[in-house]
Amino acid sequence: MFEVPEDRKYLESHEYATTDGDTATVGITDFAQDELGDVVFVELPEVGDEITQGEEFGVVESIKAVSDLYAPISGTVTAVNEELFDRPELVNDDPYGDGWMLEVDVSDDGAFDDLLSADEYREQTE
């Protein structure tokens, strides 16, 4: 059974977002990191870039595959987890903690409601 925290919302493509005020933290789920296997490279946007809900914002490469990353919300990137460039395995070790990818200043608070709840995401991965 994979960890699916209740305090986040999810995309069907296995990215998550959690919000604190107008800031969202974005990453990939425990299920996604397990399916990918050992993550060896992460490509992320730069601070100041705009991301759009449902569109690609980066790439994650593992020993099994290269996968596009899709934005769960729209907004301006305010922080990038630069530690992932030197230690991409953090995505495997702690996808909801040290393996976070982006912080985003959310441009549309309502878009968060369009994402899957923890229960809905859990059903999708069973």
Of all the heavy-atom pairs spanning Ala17 and Leu115, show the shortest one and how long it is. CB-CD1, 4.4 Å

CD on Glu43 to CZ on Phe57, rounded to 0.5 Å: 11.0 Å

With a 4.5 Å cut-off on side-chain heavy atoms, are Asp98 and Asp93 touching? no

Below 4.0 angstrom, N of the basic side chain to O of the carboxylate: do Glu82 and Arg87 qualify? no

As an exercise, state the distance from OG of Ser13 to CG of Leu116, rounded to the nearest 0.5 Å. 9.0 Å

Please check if atom CD in Glu126 has more than 12 non-hydrogen atoms from other residues, nucleotides or ligands closer than 6.0 Å. yes

Pairwise side-chain contact, Pro45 with Leu102, heavy-atom cut-off 4.5 Å (strictly under): yes

Is there a donor in the side chain of Tyr121 and an acceptor in the side chain of Thr29, or the other way round, less than 3.5 Å apart? yes

Do Met101 and Val80 have side chains that approach each other closer than 4.5 Å (heavy atoms only, starting at C-beta)? no

Chi angles and distances behind the side-chain contact (heavy atoms from CB on, under 4.5 Å) call for Val26, Glu103: CA-CA 6 Å; Val26 173; Glu103 287 184 353; over 6 Å; no

Quick one: OG1 on Thr76 to CG on Asp22, what's the gap to the nearest 0.5 Å? 11.5 Å

What's the separation between atom OG1 in Thr125 and atom CE in Met1, rounded to the nearest 0.5 Å? 6.5 Å

Looking at Leu69 and Val59, what are the two nearest heavy atoms and their distance? CD1-N, 3.7 Å

I'd like to know whether the aromatic ring centres of Tyr96 and Tyr16 sit less than 6.0 Å apart in this structure. yes

Verify whether one side chain among Thr52 and Glu50 offers a donor that lies under 3.5 Å from an acceptor in the other. no

Using side-chain heavy atoms (C-beta onward) and a distance below 4.5 Å, is Val60 in contact with Leu36? yes

Please indicate whether Asp20 has more than 12 foreign heavy atoms, meaning atoms of other residues, nucleotides or ligands, lying under 6.0 Å from its CG. no

Show the nearest heavy-atom pair for residues Gln124 and His14, with the distance to one decimal. NE2-CE1, 3.4 Å

In this structure, NZ of Lys9 is separated from CG of Asp114 (nearest 0.5 Å) by 8.5 Å

pair Thr23-Val106: side-chain heavy atoms closer than 4.5 Å: no

